[in-house]
Amino acid sequence: MDWPIIEKSGDFAVPPYLTDWEAARAAFDWQTEIDRLSKLPGGGLNLAVEAVDRHVAEGRGETVAMRWISRNQDSRRELTYAQLKEQTDRFAAALRHLGLKRGDTVAVMLNNLAELPIAALGTIKAGCVFCPLFAAFGPEPVRARLILGRARLLVTTEALYLRKIADLREDLTELDHVLLIGGSGQPPQGCLDFQATLNAASPEDGTVEATSPDDPAMLHFTSGTTGEPKGALHPQRSAAGIHATARMVLDLRPGDIFWCTADTGWVTGSIYKLLAPLLAGATGILYEGEFDPGAWYGVLRNEKVTVWYTTPTAVRMLMRFGAALPRTYRPLSLRLAFSVGEPLNPEAVIWARDALGLPFHDTWWQTETGCIALANFAVTTIKPGSMGRPVPGFEVALVERRPEGGLRFIEDAGIPGEIALKAGWPSMFSDYIGAHTRYEECFIDGWYLTGDLAKRDADGYFWFLGRADDVIKASGHLIGPFEVESALMDHPAVAEAGVIGKPDPVAHERVKAYVSLSHGFAAGEALRRELIAFARLRLGSALAPKELVFIDELPKTRSGKIMRRVLKARELGLPTGDLSGMDSDIRGTGV
Ligand code: 6R9
């Protein structure tokens, strides 16, 4: 189906993008951005100073930096920029008192609590490395990451500590300190109370560490849809990439109420939930509750959220509950809505325009890129189903790896290739911790290879095909699972779809689809046939699924990514590999 393109108009902070995209790109220079943020003595740059202290110095201390909202939305806690400065100074001072040094790792395993930004930014202020972990992780993945990340200090809640870490403590020889939030007030042996530690610290001692732009600031373990977890390090200069994309892509500015729904353990949690609104001088929302349609629409309306960043999974779950529900939560103050993490099917973009009054803008990036690299910008025309165009400062190409070495660049529109980024943008990961060879293997001739396949159209918009590992080869055709999934999701009965290649002696692989249904539809042979016929009509017989089965929930990571490799492993009766990033709520649901 041809989805309409959506023209944008309105009052935006960076108008040239729509009108003169090439000129805007030509005028942009990362070094200028980095230099602008490197104001510490000796040209130092500290992300936390840029995100917090700068606003206080420039007279915005009384602006609310972060607003925390409890699960039932019956209590909230606000931290102004001035308060966040004072609290992060205290936290940095506490880290020093405890003997942490520049470059040491501080792991933080917390859901959305008001203490989260204090721990995250205080860590960075002290020159230590902030390493977020999913609170839903079981003991084994936590142990593996604490050891690999060489964490010296952990911040978590007493409940999570007792459930997941207390029994492992002996194995964690480098973990010197644990700071606990909540609980009995009598911390278990070997732990300190977070608040008491903060109260005892004197903020004057928390003088900022004059980190250099190249010093590490964050360590993010990737969500691992396809294999072993990898720990990507991000330098202090990432501030420039996050700040520029907050401004240019999300159009964030002082006065905005920004809600990013990402889990803390996912890279989007630190980069866009915490850092982007702060770098832009806006107000960030931290909502304690899990996904629930009524609660989420309530947060959007009651908190007067102006800019929203969420995932395709969440959008599709909202769609399952229908367009009538959001209409009962009007008026909304939303002016922009964005999505990331998985391909966003065009139907979801259009649904939002009708149900919420504005379309979703898809954005693409990875843990390794450290900030958004492709986007349907706030001010540009949206092509539903496309990830958009390169962010100024990024050189993005489609390439093929030559068997004899080197790259072949694909210039023609419509030809699939692997997305490659010219190395050197400021928030580019600087290493995989403990796996430097693996890091070096990501680069060829000065280009970072992403492992994602896409096509580009004549207007320079990128269209996602799939992870290179997930691409299906059937009867000589190269099939991106997303093309098939997206076509299936155009059918009203289909809430979500996951597509894999099943080995086939004749065709090499055959397309198999797993489908979860929207409310009000029942699985059955007639519907199964109808969906196959529907897909055939749209995609032709080469791409349409030959097999289709119904499934209650697709296996997903905590960040909402469909784990196609799990579907495939189950199909083949093979081990599913590392499942640590998988959403524990749906782990083990039958396929
Ligand atoms: C931020 C984040 C990265 C992988 C990436 C790609 C997939 C992200 C996407 C998308 C299609 C989009 N991905 N955004 N696929 N359209 N707009 O998600 O980082 O957890 O490292 O995952 O997610 O496959 O390579 P990370």
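Counting convention: from 1, in listed order, for ligands and their atoms alike.
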Pairs of donor and acceptor atoms involving the side chains of residues 213-221, under 3.5 Å and at least two apart or interchain, shall be tabulated with distances.
residue	atom	partner	partner atom	Å
Asp214	OD1	Arg237	NE	2.8
Asp214	OD1	Arg237	NH2	3.4
Asp215	OD2	Arg102	NE	3.3
Asp215	OD2	Arg102	NH2	2.6
Asp215	OD2	Ser212	N	3.0
His220	NE2	Ser270	OG	2.6

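- Which parts of ligand 1 touch Gly341 is read off a 4.0 Å heavy-atom cut-off, strictly below it: atoms 7 (C), 8 (C), 9 (C), 10 (C), 13 (N), 14 (N), 18 (O), 23 (O).
- Glu509 pairs in a salt bridge (charged side-chain N to carboxylate O under 4.0 Å, His left out) with only one of the listed residues (Lys473, Lys502, Lys568), which is Lys568.
- Of the heavy atoms in Thr363, only backbone atoms (N, CA, C, O) come closer than 4.0 Å to ligand 1.
- Against a heavy-atom cut-off of under 4.0 Å, Asp452 is close to the following atoms of ligand 1: 5 (C), 6 (C), 24 (O), 25 (O).
- For ligand 1, the atoms closer than 4.0 angstrom to any heavy atom of Thr367 are 19 (O), 20 (O), 21 (O), 26 (P).
- Ligand-side atoms of ligand 1 in range of Pro343: 11 (C), 15 (N), 16 (N), range being under 4.0 angstrom from any heavy atom.
- Using a 30° and 60° split on the angle between ring planes, Trp308 and Trp259 fall in the parallel class, below 30°.
- When non-hydrogen atoms are compared, ligand 1 lies under 4.0 Å from the backbone of Trp365 as well as from its side chain.
- The aromatic rings of Trp365 and Tyr272 lie perpendicular to each other, with more than 60° between the two planes, well past the 30° mark.
- Residue-ligand proximity, Arg467 to ligand 1, at heavy-atom distances under 4.0 Å covers atoms 24 (O), 25 (O).
- In Gln366, the parts holding a heavy atom less than 4.0 Å from any atom of ligand 1 are both the side chain and the backbone.
- Looking only at distances, a side-chain donor or acceptor of Thr306 sits under 3.5 Å from a matching main-chain atom of Ile257.
- Legend: side-chain hydrogen bond (donor to acceptor under 3.5 Å, both in side chains) pairs involving residues 442-457, not counting sequence neighbours, sorted by first then second residue: Trp364-Asp452, Gln366-Tyr448, Lys383-Asp457, Asp452-Arg467, Asp457-Trp463.
- Residue contacts with ligand 1: Asp362 is included, with a non-hydrogen atom under 4.0 Å away.
- In the model, Tyr309 has a side-chain atom that pairs as donor or acceptor with a side-chain atom of Thr363 under 3.5 Å.
- Contact check for Asp256 versus Leu250: no side-chain heavy atoms found under the 4.5 Å cut-off.
- Within the 4.0 Å heavy-atom criterion, neither part of Phe482 lies near ligand 1.
- Considering backbone and side-chain N/O atoms, Thr222 never comes within less than 3.5 Å of an N/O atom of ligand 1.
- Listed by number with element, the atoms of ligand 1 under 4.0 angstrom from any heavy atom of Thr268 are 1 (C).
- Side chain of Arg145 to backbone of Pro141: a donor-acceptor contact under 3.5 angstrom is found.
- Counting heavy atoms under 4.0 Å from ligand 1, residue Glu342 touches it through the backbone alone.
- Contact annotation: His220 has no heavy atom less than 4.0 Å from any atom of ligand 1.
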